[in-house]
2 protein chains.
Amino acid sequence: MTEQHEAPGGVSGRALQKDIPQATVARLATYLRVLAMLADDGVLIVSSEELAVAAGVNSAKLRKDLSFLGPNGVRGVGYDVVKLRTRIEDVLGLSGGHRVVLVGAGNLGRALVGYGGFKRRGFSVVGIFDSDPAVIGRTVAGHSVRDAAALHEAIIALDPTIAVITVPDEAAQDVCDRLVAAGVQSILSFAPSVLIAPPTVEIRRVDLAVEMQMLSFERTRNAEPEPLAEVAHAVSGRIARHVPTPHSSAAHPALKHSASHSATEPSSKGSAVTP
Amino acid sequence: MTEQHEAPGGVSGRALQKDIPQATVARLATYLRVLAMLADDGVLIVSSEELAVAAGVNSAKLRKDLSFLGPNGVRGVGYDVVKLRTRIEDVLGLSGGHRVVLVGAGNLGRALVGYGGFKRRGFSVVGIFDSDPAVIGRTVAGHSVRDAAALHEAIIALDPTIAVITVPDEAAQDVCDRLVAAGVQSILSFAPSVLIAPPTVEIRRVDLAVEMQMLSFERTRNAEPEPLAEVAHAVSGRIARHVPTPHSSAAHPALKHSASHSATEPSSKGSAVTP
DNA sequence: AACTGTGAAAACTTTCACAGCA
DNA sequence: TGCTGTGAAAGTTTTCACAGTT
């Protein structure tokens, strides 16, 4: 690890988001959510261990992640919740806020704009588009849905920092082309197809079925320990196998996910894109 | 790499999904989608290069991924589309189909059940629950929404292989506890919080805001090459920078996404949803 | 000639374990 | 004493490049 983030002199504000590992960036978003929650609860200081448990990672990883942002904590004490939160927002480029345009006002599009954490995290929707006449003109989350035919001019006027595509797969590439032609540089797509665009445009793709398939794989793998034996108790899962202790939600050390989350976290694997 | 997948004798059907890298599993889902598309188009044989381009990865990675499933292609020729598709479905444990229960019939939940690729990929919804009296009894995607209060008995009767949680964050842990108590072993959650459950239960979490934050980071990083210079042309992106060639969607060598994973991929992550 | 399958190298990530500071 | 920050080791994933097949 190269330590460019040492900030030797009095380097101001944020800087050097260079060489922060991709995997770390994916997790920073999660830490941010936990920090926001803690701040709401009035918590002032948090230790790496506490933060790590809440984020579902181990504390060494969390400390390593944070170390890429420069020194953030106080040894023997912990991290200042507000300060750390601000620092992460700064590094992720969230401080200035983002102007988001949504193309596709179907269920998924509406689910996204309605998602509370959205606005709270600095993303404000500035325009919603659709090509369905039955939807155009309707109000969604305070915005009148506009005709996607007028995308070009509208995009230029709205000047969004991010565009989100939630249209059917067949229409996705066309929408993408038009967004790019209008100057959009960052696109998040929920269409299954891999979209093609110039390399200067950053596209991330989220495929909601991938996670289901990974669950399927995991279950299948765990269910087949003995490839040879006929498996004695072929009970067809009608009876609840485990009646888990209704744990007290807190103080639970269960850190099982090792991240591969996709759209989740380790997602270094999960979903995604980027060369 | 241990070669357990050599299948020396005449090992039947699928087997040895042991030690298939997590990152590979995440991408298999994507390959599957492309293969399904090719099959629909009547394509019989595909080369690693073609498949790789369509999936947004490079061909060496694709070949390595497939090699974990055993020999699937024919040298000098390519892969048999149907055979490869079947093999991947088999390895992912999709062949037997999955019984999916959805808890939370809001926009996101409806977007998920309405997603065509869902049923097509072997996931069939067997029950939808919600706790909102205004929603209970309504029909969503052919299913009458049931009262989440009766979750326990219903789950035992439905015996789902996967449960999907799309309720508000505050309710997620409670729903999770009840699902686990009823014997559910695989859960996909869209709630931001990290859910706590016994280690035998596989939980995957998808945070839709993470991807947006990663886009934000990438844009910020690219926008700050010169930390010192005042940046000459401070044009506020009003003019379209690139007018992309309206490419012919095929024969496009653009391989930019390398899927971290991911989850992240990253995320990275495989299919999608539509309005 | 075309294309797969795969060792070996390179790159990236996670985990360990401890030095260092409040 | 308690907790952060971090080199170094271990583990995972990607890329290279070529041997092997049809």
Side-chain angles (χ1 to χ4, degrees), chain A residues 1-7 19-28 31 45-53 55-80 83-84 87 255 257-261 265-270 272 274-275, chain B residues 1-7 19-28 31 45-53 55-80 83-84 87 255 257-268:
Chain A
M1 269 115 227
T2 42
E3 277 80 54
Q4 247 129 306
H5 46 74
E6 272 313 311
D19 63 63
I20 294 179
Q22 187 94 174
T24 292
V25 174
R27 285 187 298 265
L28 287 177
Y31 303 155
I45 300 290
V46 68
S47 71
S48 61
E49 183 61 30
E50 296 167 321
L51 199 51
V53 169
V57 301
N58 80 34
S59 63
K61 193 191 285 181
L62 180 134
R63 286 199 303 279
K64 182 64 109 182
D65 283 342
L66 295 184
S67 78
F68 289 112
L69 316 189
N72 289 288
V74 180
R75 294 174 196 229
V77 180
Y79 300 94
D80 179 301
K83 205 172 126 208
L84 182 55
R87 179 81 184 112
L255 306 185
H257 324 292
S258 66
S260 73
H261 347 207
E265 38 165 334
S267 208
S268 227
K269 321 257 121 268
T274 316
Chain B
M1 263 122 229
T2 40
E3 275 80 55
Q4 248 130 308
H5 47 73
E6 271 313 309
D19 63 62
I20 294 180
Q22 187 96 171
T24 292
V25 174
R27 285 187 298 265
L28 287 178
Y31 304 155
I45 300 290
V46 67
S47 70
S48 61
E49 183 61 29
E50 295 166 321
L51 199 51
V53 169
V57 302
N58 81 34
S59 63
K61 192 189 284 182
L62 180 134
R63 286 200 302 281
K64 181 64 109 183
D65 283 343
L66 296 184
S67 78
F68 290 112
L69 317 189
N72 289 288
V74 180
R75 294 173 196 231
V77 181
Y79 300 93
D80 178 301
K83 206 173 124 208
L84 182 55
R87 180 79 184 113
L255 307 186
H257 325 291
S258 79
S260 66
H261 180 200
S262 206
T264 314
E265 234 223 346
S267 293
S268 6

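Values reported hereafter were calculated over all heavy atoms of this structure, with side chains retained and with hydrogens, waters and symmetry mates removed. Please read these numbers as outputs of a predicted model, since none were measured by experiment. Throughout, protein chains are lettered first and strands after them, A, B, ... in sequence-line order, and every chain is numbered starting at 1.
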> What nucleotide, of dT14(C), dC3(C), dT14(D), holds the atom closest to the side chain of Ser47(B)?
Replying inline: dC3(C)
> Base, backbone or nothing for each nucleotide of nucleotides 16-22 of chain C, written B, S, -, heavy atoms under 4.0 angstrom, 5' to 3'?
Replying inline: BB-BBBS
Can you tell me the distance, in whole Å, between the [atom1] atom of [X] and the [atom2] atom of [N]?
X: Leu69(B); N: dT4(C); atom1: CG; atom2: P; value: 14 Å
X: Leu84(B); N: dG5(C); atom1: CG; atom2: C1'; value: 14 Å
X: Arg27(A); N: dT13(C); atom1: CZ; atom2: C1'; value: 8 Å
X: Glu49(A); N: dT15(C); atom1: CD; atom2: C1'; value: 14 Å

> Which is it for Val57(A) and Leu51(A) under the side-chain contact (heavy atoms from CB on, under 4.5 Å) test, yes or no, and what are the steps along the way?
Replying inline: CA-CA 9 Å; Val57(A) 301; Leu51(A) 199 51; over 6 Å; no
> What residues form a side-chain contact (heavy atoms from CB on, under 4.5 Å) with Val77(B), not counting sequence neighbours?
Replying inline: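 If we apply the side-chain contact (heavy atoms from CB on, under 4.5 Å) test to Val77(B), skipping adjacent residues, the hits are Ile45(B), Val74(B).
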>> Suppose we screen for side-chain contact (heavy atoms from CB on, under 4.5 Å). Which residues come up paired with Ser48(B), at least two apart in sequence or across chains?
In response: Ser59(B), Leu62(B), Arg63(B), Tyr79(B)
>> Does dT4(D) have its OP1 or OP2 closer than 4.0 Å to a side-chain nitrogen or oxygen of Ser48(A)?
In response: yes
>> With a cut-off of less than 4.0 Å, is there a side-chain N or O of Tyr79(A) near OP1 or OP2 of dG5(D)?
In response: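 Tyr79(A) to dG5(D) OP1/OP2: side-chain N or O found under 4.0 Å.
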> Hey, does Tyr31(B) have a side-chain heavy atom less than 4.5 Å from the side chain of Leu66(B)?
Replying inline: yes
